[in-house]
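Okay, so here's the structure we're looking at.
Quantities reported herein were computed from a predicted structural model and do not represent experimental measurements.
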Amino acid sequence: DWDCEVIYWGVDTEMFTPCEIRNKSFRNRFGCSDKDMLLLAVGRLVARKGYMTLLRAMPDILSENPQAKLVIVGRGHMKSSLEKQAKKLAISDSIFIQSSLSFDELAQHFRSADLVVYPSYYEGQGLIPLESLASGTPVATVNQEPLTEMVDSTVGGLFERGNPNDLARCVNEMLSASDTEDKANLGRERVLSKYTYEHNASDYEGVFKRAISKQKS
């Protein structure tokens, strides 16, 4: 008989950690005051990450949150296409694309954002939502596995894959919700309870010990 076990990747919970007060000077880079909403999307600039869907959702997001800014962090061949799409949608002033960041800078982005949006069409697991939750920032992502195994309504929000209208609905609902702090706290707790390097090490150790035990028997 096959002996199979799923082990989820963990994240660095010391690097990706919350802050009590959002970094004002950091947010000011993107024209965000304390009351404005800063959205963050992280991942390679390729089609399967769903950035075109996110840009198409932005007009509806801006209609309810006119001062909101979207920061996209990633490298890839789609940067110019995304910039052209933003211009076509007349949302260029609300969009920032950054192609290269250190891990420390990325962690600062996570903890300073109000919401992370992860519109990927498909993933093996997806570490970005976990890095966001570890940073105390709720996540809006697609309503399909394996992302739904990490993100649900207690720590974020879900929308239909590839549907800009539903993405905008989800984001607007989350930005206007009163339980953001609760989601942030629960998200951090979820990562600490299951998705850490320590859990990875323990799980792999268990697999190796079990394999050695079976070999001896």
| With no hydrogens and no angle check, is any side-chain donor or acceptor of N163 less than 3.5 Å from a backbone partner on D166? | yes

| message | With clusters defined by side-chain heavy atoms of hydrophobic residues (ILVMFWY) lying less than 4.5 Å apart, directly or transitively, does V207 cluster with Y195? | response | yes

| note | Smallest heavy-atom separation, G157 atom then C170 atom, equals C-SG, 3.6 Å

| Test item: K69 side-chain N/O and C32 main-chain N/O as donor-acceptor pair under 3.5 Å | no

| message | Can you confirm whether more than 12 heavy atoms, excluding those of R48, are under 6.0 Å from its CZ atom? | response | yes

| said: Between R190 and D152, does any side-chain N to carboxylate O distance fall below 4.0 Å? | reply: yes

| query | Between F26 and H109, is a side chain to side chain contact (heavy atoms under 4.5 Å, CB included) present by the stated rule, with each step listed? | reply | CA-CA 8 Å; F26 175 87; H109 279 65; 3.3 Å; yes

| field | Contact check, side chains of P18 and R111, non-hydrogen atoms, under 4.5 Å | value | no

| message | Applying side chain to side chain contact (heavy atoms under 4.5 Å, CB included) to N143 and F159, what does each step give before you reach the verdict? | response | CA-CA 5 Å; N143 59 351; F159 55 85; over 6 Å; no

| field | Contacts of E198 that satisfy side chain to side chain donor-acceptor pair (under 3.5 Å) - sequence neighbours left out | value | T196

| field | Among L45, I128, I97, L101, side-chain contact (heavy atoms from CB on, under 4.5 Å) partner for V73 | value | L101

| task | To the nearest 0.5 Å, tell me how far D179 CG sits from L186 CG. | result | 9.0 Å

| message | Rounded to the nearest 0.5 Å, what separates atom CD1 in I61 from atom CG in L70? | response | 7.5 Å

| remark: Correct closest heavy-atom pair for P119 and L167 would be CB-CD1, 4.0 Å

| If Ile, Leu, Val, Met, Phe, Trp and Tyr residues are connected whenever their side-chain heavy atoms lie under 4.5 Å apart, and connections chain through other members, are L133 and F103 in the same group? | yes

| task | Please check if any side-chain donor atom of S63 sits under 3.5 Å from a side-chain acceptor atom of D60, or the reverse. | result | no

| field | Within 6.0 Å of CG in N28, more than 12 heavy atoms from elsewhere | value | yes

| said: If I take atom CD from residue E83 and atom CE from residue M78, how far apart are they, to the nearest 0.5 angstrom? | reply: 11.5 Å

| query | Between OG of S135 and CD of Q108, what distance do you get to the nearest 0.5 Å? | reply | 10.0 Å

| field | Other residues, nucleotides, ligands: >12 heavy atoms within 6.0 Å of E5 CD | value | yes

| message | Taking side chain to side chain donor-acceptor pair (under 3.5 Å) as the definition, give me every residue that meets it alongside S99, ordered by chain and number, with sequence neighbours left out. | response | none

| request: Apply side chain to side chain contact (heavy atoms under 4.5 Å, CB included) to M58 and L89, showing your working. | output: CA-CA 9 Å; M58 281 302 293; L89 294 168; over 6 Å; no

| query | After noting the C-alpha distance and the side-chain angles of Y8 and H199, does the key distance pass the ring-ring contact (aromatic ring centres under 6.0 Å, His included) rule? | reply | CA-CA 9 Å; Y8 292 95; H199 283 92; over 10 Å; no

| query | Is there side-chain contact between D12 and T17, with heavy atoms separated by less than 4.5 Å? | reply | no

| query | Looking at residues at least two apart in the chain, or sitting in another chain, which of them share a side chain to side chain donor-acceptor pair (under 3.5 Å) with Q67? | reply | none

| said: Treating R188 as the side-chain partner and T13 as the backbone partner, does any N or O pair qualify as donor plus acceptor under 3.5 Å? | reply: yes

| request: Assess whether atom CZ of R44 is packed by more than 12 heavy atoms of other residues, nucleotides or ligands within 6.0 Å. | output: no

| message | Checking the side chain of Y51 only, and the main-chain atoms of G43 only, is there a donor and an acceptor separated by less than 3.5 Å? | response | yes

| field | Main-chain N/O of G10 paired with N200 side-chain donor or acceptor, under 3.5 Å | value | yes

| request: Give a yes or no on whether a salt bridge exists between D114 and R27, defined as a side-chain N under 4.0 angstrom from a carboxylate O. | output: yes

| message | Main chain of E189, side chain of K194: is a donor-acceptor contact present, judged purely on distance under 3.5 Å? | response | no

| request: Just do the side chain to side chain contact (heavy atoms under 4.5 Å, CB included) check on V117 and L40 with the steps written out, would you? | output: CA-CA 6 Å; V117 186; L40 176 65; over 6 Å; no

| request: Look at the side-chain heavy atoms of Ile, Leu, Val, Met, Phe, Trp and Tyr, link any pair under 4.5 Å apart, and say whether F96 and I91 land in one connected group. | output: yes

| request: Assess whether side-chain hydrogen bond (donor to acceptor under 3.5 Å, both in side chains) is satisfied between D36 and S33, documenting all intermediate values. | output: CA-CA 5 Å; D36 300 331; S33 70; 3.1 Å; yes

| field | Sequence-distant partners of E205, side chain to side chain donor-acceptor pair (under 3.5 Å), two or more places apart | value | K209

| Which of these passes side-chain contact (heavy atoms from CB on, under 4.5 Å) with S132: T141, V139, V42, L127? | V139

| query | Is any side-chain heavy atom of V171 closer than 4.5 Å to a side-chain heavy atom of L115? | reply | yes

| said: Let me check something: do L147 and V46 share a hydrophobic cluster, defined by ILVMFWY side-chain heavy atoms less than 4.5 Å apart, either directly or through other members? | reply: no

| field | Ionic contact status for D34 with K24, cut-off 4.0 Å | value | yes

| task | Could you pull out all residues at least two apart from F16 that satisfy ring pair (Phe, Tyr, Trp, His ring centres under 6.0 Å)? | result | F110

| Any side-chain heavy-atom pair of E64 and S176 under 4.5 Å | no

| note | Closest non-hydrogen atoms of A57 and P164, given as atom of the first, atom of the second and distance, are CB-O, 3.2 Å

| query | If you round to the nearest 0.5 Å, how far is CG of L62 from CE of M37? | reply | 12.5 Å

| Main-chain N/O of E123 paired to S120 side chain as donor or acceptor, under 3.5 Å | no

| message | Using side-chain heavy atoms (C-beta onward) and a distance below 4.5 Å, is P138 in contact with V155? | response | no

| task | Indicate yes or no for a side-chain donor-acceptor contact from S213 to the backbone of R210 under 3.5 Å, with no hydrogens or angles considered. | result | no

| query | Any side-chain heavy atom of K183 within less than 4.5 Å of one from T154? | reply | no

| task | Kindly work out whether a path of hydrophobic side-chain contacts (I/L/V/M/F/W/Y, heavy atoms less than 4.5 Å apart) joins V11 to Y204. | result | yes

| message | Could you check whether any side-chain heavy atom of T180 comes within less than 4.5 Å of a side-chain heavy atom of M174, counting everything from C-beta outward? | response | no

| Tracing side-chain links under 4.5 Å among I, L, V, M, F, W and Y, which residues wind up in one group with Y122? | Y121

| From I72 CD1 over to L54 CG, what is the distance, rounded to the nearest 0.5 angstrom? | 5.5 Å

